[in-house]
Amino acid sequence: MIEKNYQPADIEGRMSLIWEDSRAFSAGRPDRRDARPFTIVIPPPNVTGSLHMGHALNNTLQDILCRFERMRGRDVLWQPGTDHAGIATQMVVERQLMERQQPGRREMGRAKFLERVWQWKAESGGVIVNQLKRLGASCDWSRERFTMDEGLSRAVVKVFVELHREGLIYKDKRLVNWDPKLLTAISDLEVQQVEVKGSLWYLRYPLAGITFNPEDPMSYIVVATTRPETMLGDGAVAVHPDDERYSHLVGKHVILPLVGRRIPIVADEYSDPEKGSGAVKVTPAHDFNDFEVGRRHSLPQISVLDQEARINLVGNEDYLHGLPEGSMQLAEELHGLDRFAARKQIVARLEDFGFLDRIEPNVHMVPHGDRSGVIIEPYLTDQWYVDAKTLAQPAIAAVRSGATTFVPKNWEKTYFEWMENIQPWCISRQLWWGHQIPAWYGPDGKVFVAETEEEAVGNALGYYVEQEVITPEQGREMALDRNKRAGFITRDEDVLDTWFSSALWPFSTLGWPDETPEVKRYYPTDVLVTGWDIIFFWVARMMMMGLHFMKEAPFSTVYIHRLVRDEKGAKMSKSKGNVIDPLGVIDDYGADALRFALARGAAHSHDIKLSPQLVETNRNFATKLWNACRFAEMNDCVVPAGFDPTKARDTLNRWIAHETARATREVTEAIEAYRFNDAANAIYRFVWNVYCDWYLELAKPVLMGEEGVAKTETRAMVAWARDEILKLLHPFMPFITEELWGVTSKRDGLLALAPWSRKPSLTPEQLAMMSTATINDPLMPPVLLAFDAAEFTDTSAEAEIGWVVDLVTAIRSVRAEMNIAPATLTPLVLAGASDETRERVPRWSDVIRRMARLADISFADRPPEGAVQLLVRGEVAALPLKGVIDLSAEKARLDKELAKAEADIKRVDAKLSNEKFVANAPEEIVEEEKEKREAAEARKARILEALERLKNAA
RNA sequence: GGGCGCGUAGCUCAGCGGGAGAGCACCUCGUUGACAUCGAGGGGGUCACAGGUUCGAUCCCUGUCGCGCCCA
């Protein structure tokens, strides 16, 4: 029994348990051992995360694909899991410690802190997984993975060690993006350029050997800078080689104000004559461009900041080197100041001594950390890098060759753009939570990289014994006793960028580096579904790692979807307060409604604008389906064993078989093309505007009528089409469809595992098998034998029902226009009806009378006087409403129709009289136009007749 | 500065070479036995602008304007 009211919350709670108990989503089910696998790896959400609309969209789309392919008979693995999210998680736990006024991370020490993070993960790390289940995600939850799992960690270490051995991972001292709040390096991608209103300071640098005089421009050179405080670390002044204003100064020196360092004036194309004064200060240790300039001119790299971006001068050898007596005083005064406080001080001092030329307002881009939000400092440190340029080559080639394709294809351009200009990837992070880098150092700083500590220590001790740094005896002792080697061999403290482990996700989750059956069966995966914002972070890196270690691209298709925005198109954000919580929406309207709203909006080239009202609309659709199924149940509609819809006799039933087949093809083809919106809209239209509005309404007289062959067949067909609807809709609205599937009939199994009604396009292997196998061959894939009604068509049924629909619609329309009360039943006269129409009427009179509110239907040679005359498919249907209708209103209506017909004729004539059109247009188009003209002429003739009769009546 | 995308009904968007479409909103009517979370009907658009290609352009090309995003 179907409940009277649709209650999504009740259904969804129960259904999750049913799917879980039946292990419906398990990959490698025994009954699918011979099926083709279909694999998607989930973009692992942060373990700290909770479900937002972006997740809801992303996972809805993946689930649609997985459920679709599962129904098409594939052995589906949707691999779930979460990401350890280095910085984010460490921040969450540190904040928690602070809130509870417990000892902080540093007081605790590394081991204790990590224990604490794991504890946090055990308690609250699973939140998002449960939220995904509420959305209906049909992942194989038994295979859930975490990037810090033992197995995945082994994969990370192995990849690091191998890439290091191949020279594709190396340690380098260069400028990194340094986050002075989180005290770690971050990669280029984690930096966001933000437009900031700042200033451009023009500073006077005195020329060496000339007495500085603020009044004498010949005694100094003006440089422009956005960061005056870094002048302490300047190594040169650069001017453009072609800039004649300065050419006489190239090779000369300036004396750095306040500091007293003598630095050269160099010619370098980096300096832009158009910008500022045309001369720039060069600070190799604090600016990426200056770093390159410094390399070209062999300038010293003088870092003047510490890790927290405070001025660091006392005891700073690089800074103090070669400075005149007395500069210690300045160093001591500035030492320890924050970079922005120091800026003020330094500018003030420069001004005091006449070194400040002027200040101009200046808008420029300033790098900010995407996690901390603070201004990033280019900072000179030792970090580990991946040689991305080398790894990118096969990854570029794979997309060029089509081994992997992006949908929509435009994204390939973005991918190439980035990949072809890729920079070394900084992978070390000065954090605790993450995969600690498997590198150990000896007392002289020599690096030993190995998969285990034992191996690394062994190598190191062997080396130092050989070098006679230690004796063999000491080596043995150190090898056996960790305490003995402490201080001699130390492990790298840093951990790897979270995205390093994510890059391995498509194979590490399958058990690699072990040679598991899962790796063999499910790699490479079929499709990756993700947002464009992580193409660089994740997609590109998976491509690189997958191709390098597995020799095959990790997925053949990358489907890129757009963002979910609020109803006004603004990005959802906590600060704006416009966030729609998917779980709240699920509570209010059900997961199915949310999913369907998202799917219907998922067009290729637009972000999705979502509002609660939109979800409500889709909940209403679910209710409509619910009630249609109740109607079927109330009329005892069931599908008899062995029922074949293509063998139906009744026209209406053949018509719905035809329409169902059409909808099935549309939905199938749209999902195959990742056009989720088209698929969802096709099924929406079919359910509401075809099945409910017409089929069920037209079937009512039969269902209410007496028992007989027609009624039996109609009952079967109502139920059959309903089942087809449930199947087509299941990938989009899994909960309600599974519930209705279960309660409407005794079923062999779950809808989630029921066969899709359109055969998948055959693989070459399957085609080969078909040519050698016979129908009874046990090797024949069952899916090929599945009954396939999706190819069924019946154009004559389509024409006949089309006529009924048009007739009813036309009568309804004119009745509404004429303000005829629904309670008033009017007669219908079919004038000059063809044999076909005369034949059809007895079959449909009940229906037409009921739907068009008619008293009776009769035939006549000509329409009665004063009747409203409608044109339906070229014939006149007359409603004798003399006295009821306003004749002038009817004349106005007919005049409008006439004008329309004449306009049509005119337009077609214009075409047909154009010789070039007739000569150049395809024959069928010309033929079509001629037919259109004939039809319009016929209409015009009928309307003129009708007007004539109207005149007579008046 | 480079790249990508978008400008179609009041709103959100389909359509992308041969008669302008949907959903929502709006207006009118409706207690017909699945459904008022509903049914029936209706109004509403020089398809941003200007050129070009074509027998024919909302659709293809070029340019202009406006909006959004990414990279420097």
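Chain identifiers are assigned alphabetically (A, B, ...) following the order of the sequence lines, protein sequences preceding nucleic acid strands; residue numbering begins at 1 within each chain.
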Is there, by distance only and without an angle test, a donor paired with an acceptor across the side chain of A:E697 and the base of B:A34 below 3.5 Å? yes
Which listed nucleotide ([options]) is nearest to the side chain of [X]?
X: A:N627; options: B:A40, B:C35, B:G23; answer: B:C35
X: A:D693; options: B:G39, B:C55, B:A72; answer: B:G39
X: A:F917; options: B:A34, B:C55, B:A72; answer: B:C55
X: A:A921; options: B:C55, B:C35, B:A22; answer: B:C55
X: A:T623; options: B:G30, B:G19, B:U37; answer: B:U37

At under 4.0 Å between heavy atoms, what does [X] touch on the DNA or RNA strands: base, sugar-phosphate, or nothing?
X: A:R619; value: base
X: A:R815; value: nothing
X: A:E929; value: sugar-phosphate
X: A:D904; value: base
X: A:T809; value: sugar-phosphate
X: A:C692; value: base
X: A:E633; value: nothing
X: A:K932; value: base
X: A:A919; value: nothing

Can you tell me how far [atom2] of [N] sits from [atom1] of [X], to the nearest Å?
X: A:N618; N: B:C24; atom1: CG; atom2: P; result: 10 Å
X: A:L698; N: B:A34; atom1: CG; atom2: P; result: 15 Å
X: A:I683; N: B:A22; atom1: CD1; atom2: P; result: 19 Å

What interatomic distance, in whole Å, is found between [atom1] of [M] and the corresponding atom of [N]?
N: B:U8; M: B:U46; atom1: C1'; value: 12 Å
N: B:A20; M: B:G44; atom1: P; value: 15 Å
N: B:A9; M: B:G5; atom1: P; value: 22 Å
N: B:G18; M: B:C27; atom1: P; value: 36 Å
N: B:G19; M: B:U31; atom1: C1'; value: 41 Å
N: B:G15; M: B:A22; atom1: C1'; value: 10 Å

Approximate separation, where rounding is to 0.5 Å, of [X] [atom1] and [Y] [atom2]:
X: A:D607; Y: A:H561; atom1: CG; atom2: NE2; result: 11.0 Å
X: A:D592; Y: A:I736; atom1: CG; atom2: CD1; result: 6.5 Å
X: A:I64; Y: A:F732; atom1: CD1; atom2: CZ; result: 5.0 Å

May I ask you to evaluate whether [X] reaches the phosphate of [N], defined as a side-chain N or O under 4.0 Å from OP1 or OP2?
X: A:W532; N: B:G3; answer: no
X: A:N410; N: B:G5; answer: yes
X: A:N620; N: B:U37; answer: no
X: A:K624; N: B:A34; answer: no
X: A:S813; N: B:G42; answer: yes
X: A:K413; N: B:G3; answer: no
X: A:K700; N: B:U32; answer: no

If a pair means Watson-Crick or G-U wobble with both distances below 3.5 Å, what does RNA chain B look like in dot-bracket form, with | marking bases paired to a different strand? ((((((((.[[[[.)..(..]]]].(((((.......))))).....[[[[[..)....]]]]]))))))).
Residues passing the ring-ring contact (aromatic ring centres under 6.0 Å, His included) test with A:H52, sequence neighbours excluded, are A:H55
Applying ring-ring contact (aromatic ring centres under 6.0 Å, His included) to A:Y684 and not counting sequence neighbours gives A:F621, A:W688
By nearest nucleotide on RNA chain B, pick out whichever of A:K911 and A:D678 is the more 5' one. A:D678
Note: for A:W688 and A:D188 on RNA chain B, the residue whose nearest nucleotide lies more 5' is A:W688
Aromatic rings A:Y559 and A:Y674: how do their planes relate, parallel, tilted or perpendicular, breaks at 30° and 60°? parallel
Which label fits A:W418 and A:F536: parallel for a plane angle under 30°, tilted from 30 to 60°, or perpendicular past 60°? parallel
Contact check, side chains of A:T660 and A:F686, non-hydrogen atoms, under 4.5 Å: yes
Can you tell which of A:N677, A:N681, A:T617, A:D678 makes a side chain to side chain donor-acceptor pair (under 3.5 Å) with A:R600? A:N681
Does the ring of A:F631 carry A:K700 above it, NZ/CZ under 6.0 angstrom from centre and within 45° of its axis? yes
